[in-house]
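The block underneath contains the structure these notes are about, expressed in structure tokens.
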Amino acid sequence: MRVVIVDDDTFVSGALKTILEADAGVTVAGVGADGKEAVQLYESKKPDVLLMDIRMREMGGLEAAEKILAEHPQAKILLLTTFADDEYIVKALKYGVKGYLLKQDYNSILPALKAVHSGQSVFGTEVTAKLPELLKEKKRFDWRSCDIGEKELQIISLVAEGLSNKEIAEELFLSEGTVRNYISGILDKLSLRDRTQLAVYYLNVM
């Protein structure tokens, strides 16, 4: 089994490489540090499984997974993260990743990789416990009733993903000042106090 590892923490990627290559049946074909490298490495190495962190600089694992799976629907991607974040889990499922594990569960990584390689989908116990609730059909929230427009909704979703004002500005080609003004207006419209409340609000209604 040929594996590519992508994690912006070189200590973590090095440790994963050591753990995986201790198994005679595993070859680490490449190591990357962000989502852009993940896309490039998948194209050049065509690994059996891509093991990738979610939260990384430049491009995150979810965005990279979306790009890779759009081009290669058969790609087998196992996401590794320190966060059992509901929105991340839902997006991972929607994009078609084959597994989602918490980094703390190091003993499960190799068995999970082998399971994904054999065609199974693998989710850690903490993630699996969340799935029934997360997959319930939710009534679509009417943002227009709160006077929230399309651009404001884009900003809200990026706040919920944990992006800073600067990162949001770069993502949407706006100035930081414009983003601050948008967020201030959104908080007023929704009667919320801060960004944290806004993120929680978004995740509860989406």
Side-chain angles (χ1 to χ4, degrees), residues 5-16 31-42 50-70 77-95 97 100-104 126-127 130 134 138 140-141 143-144 146-206:
I5 299 169
V6 180
D7 195 302
D8 62 356
D9 186 326
T10 55
F11 175 80
V12 171
S13 57
L16 288 171
V31 177
D34 62 46
K36 289 182 180 178
E37 286 191 50
V39 175
Q40 293 164 358
L41 283 167
Y42 189 86
L50 172 60
L51 178 63
M52 178 165 54
D53 189 18
I54 287 183
R55 298 188 70 171
M56 296 182 288
R57 294 180 291 274
E58 297 296 325
M59 182 191 291
L62 281 172
E63 187 179 351
E66 183 181 20
K67 288 180 181 296
I68 292 167
L69 288 162
I77 299 175
L78 177 60
L79 293 175
L80 201 57
T81 183
T82 53
F83 304 94
D85 184 286
D86 291 357
E87 187 182 10
Y88 288 167
I89 296 167
V90 171
K91 282 187 175 181
L93 290 168
K94 185 174 76 172
Y95 296 157
V97 304
Y100 187 115
L101 291 178
L102 298 184
K103 281 185 180 177
Q104 299 91 306
E126 187 172 343
V127 174
K130 289 172 170 277
L134 292 176
K138 287 187 177 181
R140 189 170 180 83
F141 185 75
W143 290 97
R144 288 175 299 178
C146 302
D147 196 28
I148 298 294
E150 192 64 32
K151 182 65 70 177
E152 290 168 308
L153 185 53
Q154 282 183 293
I155 290 171
I156 294 170
S157 70
L158 293 172
V159 168
E161 288 181 27
L163 273 67
S164 67
N165 286 353
K166 182 179 179 182
E167 291 169 329
I168 294 171
E170 292 172 351
E171 181 81 14
L172 300 180
F173 304 103
L174 301 170
S175 70
E176 279 190 67
T178 299
V179 171
R180 276 196 301 272
N181 290 339
Y182 264 118
I183 292 175
S184 178
I186 291 165
L187 293 175
D188 286 341
K189 288 178 181 180
L190 299 177
S191 300
L192 300 173
R193 187 176 62 247
D194 55 34
R195 294 168 64 97
T196 301
Q197 284 192 348
L198 179 59
V200 172
Y201 186 94
Y202 175 80
L203 293 174
N204 281 336
V205 301
M206 290 304 285

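What's counted below: heavy atoms across the whole structure, side chains too, no hydrogens, waters or symmetry copies.
Taking CG of Asp34 as the reference point, atom CG of Asp7 lies at 11.0 Å (rounded to 0.5 Å). To the nearest 0.5 angstrom, Tyr95 atom OH is 11.0 Å from Leu79 atom CG. Residue Glu63 holds its CD atom at 11.0 Å from CD1 of Ile68, rounded to the nearest 0.5 Å. Taken from CZ in Arg180 to CD1 in Ile183, the straight-line distance is 9.5 Å, to the nearest 0.5 Å. One finds the CD atom of Glu161 at 10.0 Å from the CZ atom of Arg55 (value rounded to the nearest 0.5 Å).
Across all non-hydrogen atoms, the minimal contact from Leu190 to Cys146 is CD2-CB, 3.8 Å. When every heavy atom of Ala169 is checked against every heavy atom of Glu176, the shortest pair comes out as CB-N, 3.9 Å. The two residues Met52 and Gly61 make their nearest non-hydrogen contact at CE-O, 3.4 Å. Taking every heavy atom of both residues into account, Leu198 and Val159 meet most closely at CD2-CG1, 4.2 Å. Gln154 approaches Ser157 most closely through the heavy-atom pair O-OG, 2.7 Å. Looking at every heavy atom in both residues, Ala38 comes nearest to Leu50 through CB-CD2, 4.5 Å.
Here the side chains of Leu16 and Leu80 are in contact, with some heavy-atom distance below 4.5 Å. Taking the side chain as every heavy atom from C-beta outward, Tyr182 and Leu174 approach each other to under 4.5 Å. Side-chain contact between Ile156 and Tyr201: absent, with no pair of heavy atoms (C-beta onward) separated by less than 4.5 Å. Between Leu158 and Tyr202 there is no side-chain heavy-atom pair separated by less than 4.5 Å. Side chains of Leu172 and Val179 form no contact here, defined as non-hydrogen atoms less than 4.5 Å apart.
Partners of Asp188 by side chain to side chain contact (heavy atoms under 4.5 Å, CB included), not counting sequence neighbours, listed by chain and number: Ser184. Asp147 meets the side chain to side chain contact (heavy atoms under 4.5 Å, CB included) test with Lys189; sequence neighbours excluded. Legend: residues meeting side-chain hydrogen bond (donor to acceptor under 3.5 Å, both in side chains) with Thr178, ordered by chain and number and at least two apart, are Ser175.
The backbone N or O of Arg193 lies less than 3.5 Å from a partner atom in the side chain of Gln197, making a donor-acceptor pair. Judged by distance alone, the side chain of Glu167 and the main-chain N or O of Ser164 form a donor-acceptor pair under 3.5 Å.
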